[in-house]
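Data block below; observations after.
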Amino acid sequence: MDVFAIFSARIAQAMQSLFPEAGADLLARIVVEPPRDPAHGDLSTNAAMLVAKPLGKNPREIAGALVEHFRNDPDVTSVEIAGPGFINFRLANPLWHQVLRSIGEQGAAFGRSSLGGGEAVNIEYVSANPTGPMHVGHTRGAVFGDTLAELMSYSGYEVTREYYINDAGSQIDTLARSTFLRYREALGETIEIPPGFYPGDYLIPVGQALKDEFGDSLLGKPDEEVTPLVKERVLAAMLELIKADLAKLNIHHDVFFSERTLHGQGGDIESTLAWLRDKGMIYEGRLEPPKGKTPDEWEDREQTLFRATDFGDDVDRPLVKSDGSYTYFAADIAYHRNKYLRGFKHMINVLGADHSGYVKRLQAATKAVSLNEADMDVRICQLVRLLKNGEPFKMSKRSGDLVTLADVVEEVGADATRFMLMYRRNDAAMDFDFALVKEQTKDNPVFYVQYAHARAYSIFKTAARDLPELDVSPEALRAADVSLLQSAAELDLVRVLAAWPRTVTAAAIAHEPHRIAFYVHELSAAFHGFWAKGKDDPSLRFVNAEDPKLTLARLALVDAVRQVIVNGLGILGVSAPEELS
RNA sequence: GGUCUCGUAGCUCAGCUGGAUAGAGCACCGGAUUCCUAAUCCGGGGGUCAUGGGUUCGAAUCCCGUCGAGAUCACCA
């Protein structure tokens, strides 16, 4: 039950019947939201101001008609016109009680919606090069993508979580060569790792495994025979490494899509380029060097170009390298056509800030291959600066000079990592201070929220102690007489709970999962605040041994808070412990 | 030089895709603990929303310019 959605519909309907001359487009823009200042009421609409000008009427005249319409509505205790033409509603207590009951009935489903209507969304995230373990730079995108996927799924989309494996480039040849060195090392040779090779220790076990599998039989063989063999082994090993890293944050993809499968005769790149050519989206031409920064080895030559500018990109993009092989972008076009042909009309890609220059061409590619049928939202995750007590922080165990994802999780734990990364907009750079994240105080929003959840459990324990006869089973809580909750403090808490479905929907539409983290924090604050009121005013305590019926009603409220925190933390992928140790 | 982000309290950040007197945490000051977990709560001071224009009933939010920070710039991935 979403009171805002309900009233949004009712207000739109009222406007429709009162002012039929206002078009549907106009009415769709009506906003119903809680006013910033609670003194203004429970919800507020701009309907009158919005419609006034197009209809050539006075806002207050329109507002007056709407006020009249709702004057005798039993769900509304007051409607008034305020400011330049806002209409403020105050809702009747029974409606809030109804919200509370619906949370009890819906439980984990409270906040779920059919916003997405079961439509398929492909969310591609992480897609780190399979050349080593995940480092911190990937962590933010990984958590963001995973949380967004959960949010979209929660909001009624059919979500596919996808990882694009960049396993076709020359870096993979380098990786294979680096691995071969480790193989020779495993056979007893003293090796030296040349610059440009991958120096990380994580290749040592792969070399060892090659030795175990082949003995020294690879040494004498020609490169053309050995390289594909090594490549296959090391790619598989790296992918396992990455999956294991992601699993540490409880991140699991549905599809791992290999770039290599797009290449080759009869592959998707060939067929896609043929298709594009057929549509006239490819031509042979020359590019201007970028202004202000001419690359040293600029080679002015005619090349095969994709008409990206026709789809909003800044320049047309090359598809074939000077050596005749396909560019990365050519493969990416084919990949996104593949996605489209698999049935995805909604695609979201999560990229790091270092790929922000890639956004336009990705969107251009998506439009082109779908003939403008599909939409592509690219979410950029800005960089994370690691700090410890305010000082830049370096920690390297496995991957040369980079802090790995595994390091971070080991240091602060998966819950804190996930929550802290989501407690910030994705498009703003952030500092991640280990000392702060590990601190278990109110400065740390993770523990603040988890403590609120644990506190709900604690209240139930107290109830069991003080009122051992009281039945607090889920059935009993659902049957509680919540209309006994009449104090402002109680109803204010319900108001916060009532905002949950609206918060989820707005976050899903905007693709902004950080709003979930902020909401959960806000709800926790409201709950802690109410709890503390019981200190000054014992009549507001949850557990009152003299009044089992009231206690039961309040426990239903506590349980609703607990449930919504669970739902929110569930989207965030953060655990909700029953007690903090 | 082009493009893309960002600029909000001393610090870290929200601001519900244009709404009413711009919010929270930290820090600072002052309170609350024989009482459901003080891992918490209550109160106070603190702002030219970088800046200058524009759009309109109304702008932190949208558009243009300027300043500043970061990222990126054919044939890497």
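Naming convention: chains lettered A, B, ... in sequence-line order (proteins, then strands); numbering from 1 in each chain. Atom set for the values below is all heavy atoms of this structure, side chains included, hydrogens, waters and symmetry mates excluded. These figures come from a predicted structure and were not determined experimentally.
Between B/C6 and B/G15, the two P atoms lie 11 Å apart (nearest whole Å). For the P atoms, the distance from B/A60 to B/U17 is 16 Å, rounded to whole Å. Rounded to the nearest Å, the gap between the P atom of B/C41 and that of B/A24 is 13 Å. Straight-line distance between the C1' atoms of B/U34 and B/A38: roughly 15 Å, to the nearest whole Å. Spacing between B/G7 and B/A14 at atom P, rounded to whole Å, works out to 8 Å. For B/A74 and B/G19, the C1' atoms lie 47 Å apart once the distance is rounded to whole Å. The separation of B/A27 from B/C11, taken at their P atoms, amounts to 16 Å, rounded to a whole angstrom. Between B/C49 and B/G18, the distance separating the two C1' atoms is 15 Å to the nearest Å.
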What pairs of nitrogen or oxygen atoms, one from the protein and one from nucleotides 69-72 of chain B, lie under 3.5 Å apart?
unit_1	atom_1	unit_2	atom_2	d
B/A71	O2'	A/Ala353	O	2.6

Under 3.5 Å, which protein N or O atoms sit close to an N or O of nucleotides 57-59 of chain B? Give each pair with its distance.
unit_1	atom_1	unit_2	atom_2	d
B/C57	OP1	A/Lys53	NZ	2.4
B/C57	OP2	A/Lys53	NZ	2.8

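Of the residues in residues 307-319 of chain A, those with a non-hydrogen atom less than 4.0 angstrom from any atom of RNA chain B are A/Asp314, A/Pro318.
Checked against B/A39, B/C41, B/A20, the side chain of A/Ala532 finds its nearest nucleotide in B/C41. Closest approach to the A/Pro290 side chain among B/C73, B/C76, B/U37 is made by B/C73 (side chain taken as heavy atoms from C-beta onward). Of the listed nucleotides (B/A77, B/C36, B/U37), B/U37 has the atom at the smallest distance from the side chain of A/Arg455. Distance from the side chain of A/Asn46 is smallest for B/G19 among the nucleotides B/U37, B/A77, B/G19. Relative to the side chain of A/Ala82, the nucleotides B/A32, B/A20, B/U40 differ in distance, and B/A20 lies closest.
As rounded to whole Å, 12 Å separates atom P of B/A38 from atom CZ of A/Phe527. Atom CZ in A/Arg29 sits about 13 Å away from atom C1' in B/G19, given to the nearest Å. Residue A/Asp537 contributes atom CG, which lies 14 Å from atom C1' of B/A32 at whole-angstrom precision. Distance, A/Leu175 CG to B/C76 P: 19 Å, rounded to whole Å. Atom C1' of nucleotide B/C36 and atom OH of A/Tyr451 are separated by 10 Å, given to the nearest angstrom. The distance between atom CG of A/Asn166 and atom P of B/C76, rounded to the nearest whole Å, is 14 Å. If you take CZ of A/Arg361 and C1' of B/C76, they are 11 Å apart, rounded to a whole angstrom. In this entry the distance linking CZ of A/Phe306 with C1' of B/C75 reads 18 Å, nearest Å.
A pairwise comparison of heavy atoms in A/Glu490 and A/Phe530 identifies CG-CZ, 3.6 Å as the closest pair.
Residue contacts shown for A/Gln303 include a base, since a base heavy atom lies under 4.0 Å away. A/Glu299 comes within 4.0 angstrom of a nucleotide base, judged by non-hydrogen atoms across all strands. Using a 4.0 Å heavy-atom criterion, one finds that A/Gly534 contacts the bases of the nucleic acid, with or without backbone contacts as well. If you check every strand for non-hydrogen atoms under 4.0 Å, A/Asp37 touches nothing.
The environment of A/Arg301 atom CZ is dense: over 12 non-hydrogen atoms of other residues, nucleotides or ligands sit within 6.0 angstrom.
Among pairs with a residue in residues 523-551 of chain A, none fulfils salt bridge (charged side-chain N to carboxylate O under 4.0 Å, His left out), at least two apart in sequence or across chains.
With hydrogens and angles ignored, the 3.5 Å screen pairs no side-chain donor or acceptor of A/Tyr335 with any backbone N or O of A/Ser258. A donor-acceptor pair under 3.5 Å is absent between the side-chain atoms of A/His521 and the main chain of A/Val449, judged by distance alone. Within the 3.5 Å criterion, the main-chain N or O of A/Pro35 finds no donor-acceptor partner in the side chain of A/Ser44. A distance-only check finds no donor-acceptor pair linking the side chain of A/Ser575 to the backbone of A/Pro577 [under 3.5 Å]. With hydrogens and angles ignored, the 3.5 Å screen pairs no side-chain donor or acceptor of A/Ser458 with any backbone N or O of A/Ala454.
Listed pair A/Thr327 / B/A74 fails the phosphate criterion, with no side-chain N or O lying under 4.0 Å from OP1 or OP2. Put simply, A/Lys535 has a side-chain N or O that comes within less than 4.0 Å of OP1 or OP2 on B/A38. Contact between the side-chain N/O atoms of A/Lys321 and the OP1/OP2 oxygens of B/A77 is found at a separation under 4.0 Å. Between A/Ser458 and the phosphate of B/C36, there is no side-chain N or O to OP1/OP2 separation shorter than 4.0 Å.
With a 6.0 Å cutoff to the six-membered ring centre and a 45° limit on the axis angle, A/Arg317 does not count as a cation-pi contact of A/Phe329.
RNA chain B forms stems at B:1-7 with B:67-73, B:10-13 with B:23-26, B:28-32 with B:40-44, B:50-54 with B:62-66, each a run of 3 or more consecutive Watson-Crick or G-U wobble pairs whose two key distances fall under 3.5 Å.
Comment: A/Lys339 engages A/Glu124 in a salt bridge, judged by a side-chain N to carboxylate O separation of less than 4.0 angstrom. The pair A/Asp313-A/Arg307 fails the salt-bridge criterion, with no side-chain N (NZ, NE, NH1 or NH2) lying under 4.0 Å from an Asp/Glu carboxylate O.
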(request) Sugar-phosphate means primed atoms, P, OP1 and OP2; the rest is base. With that split, encode nucleotides 6-15 of chain B 5' to 3' as B, S or - using protein heavy atoms under 4.0 Å. (result) S-----SSSS

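Side-chain N/O atoms of A/Asn349 and A/Tyr164 include no donor and acceptor closer than 3.5 Å. Donor-acceptor pairing under 3.5 Å is lacking for the side chains of A/Thr551 and A/Asn544. Side-chain atoms of A/Tyr451 and A/Arg455 include a donor-acceptor pair closer than 3.5 Å.
At a threshold of 4.5 Å between non-hydrogen side-chain atoms, the residues A/Val496 and A/Asp492 do not count as touching.
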(message) Quick one, A/Arg361 with A/Asp332, criterion side chain to side chain contact (heavy atoms under 4.5 Å, CB included). Give me CA distance, side-chain angles, the key distance, then yes/no.
(response) CA-CA 10 Å; A/Arg361 90 190 68 160; A/Asp332 223 15; over 6 Å; no

(message) Could you walk me through whether A/Lys321 and A/Asp323 satisfy the salt bridge (Lys or Arg N to Asp or Glu O under 4.0 Å) test, starting with their C-alpha distance in whole Å, then the side-chain angles of each, then the deciding distance to 0.1 Å, before giving a yes or no?
(response) CA-CA 5 Å; A/Lys321 298 188 222 170; A/Asp323 69 357; 5.2 Å; no

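Between A/Phe257 and A/Tyr163, the ring center distance fails the sub-6.0 Å criterion.
Scanning atom types as modelled, one donor and one acceptor separated by under 3.5 angstrom connect the side chain of A/Ser44 and the base of B/A20.
Stacking of the aromatic ring of A/Tyr448 onto the base of B/A39 is not found under the criterion of centres within 5.5 Å and planes under 30°.
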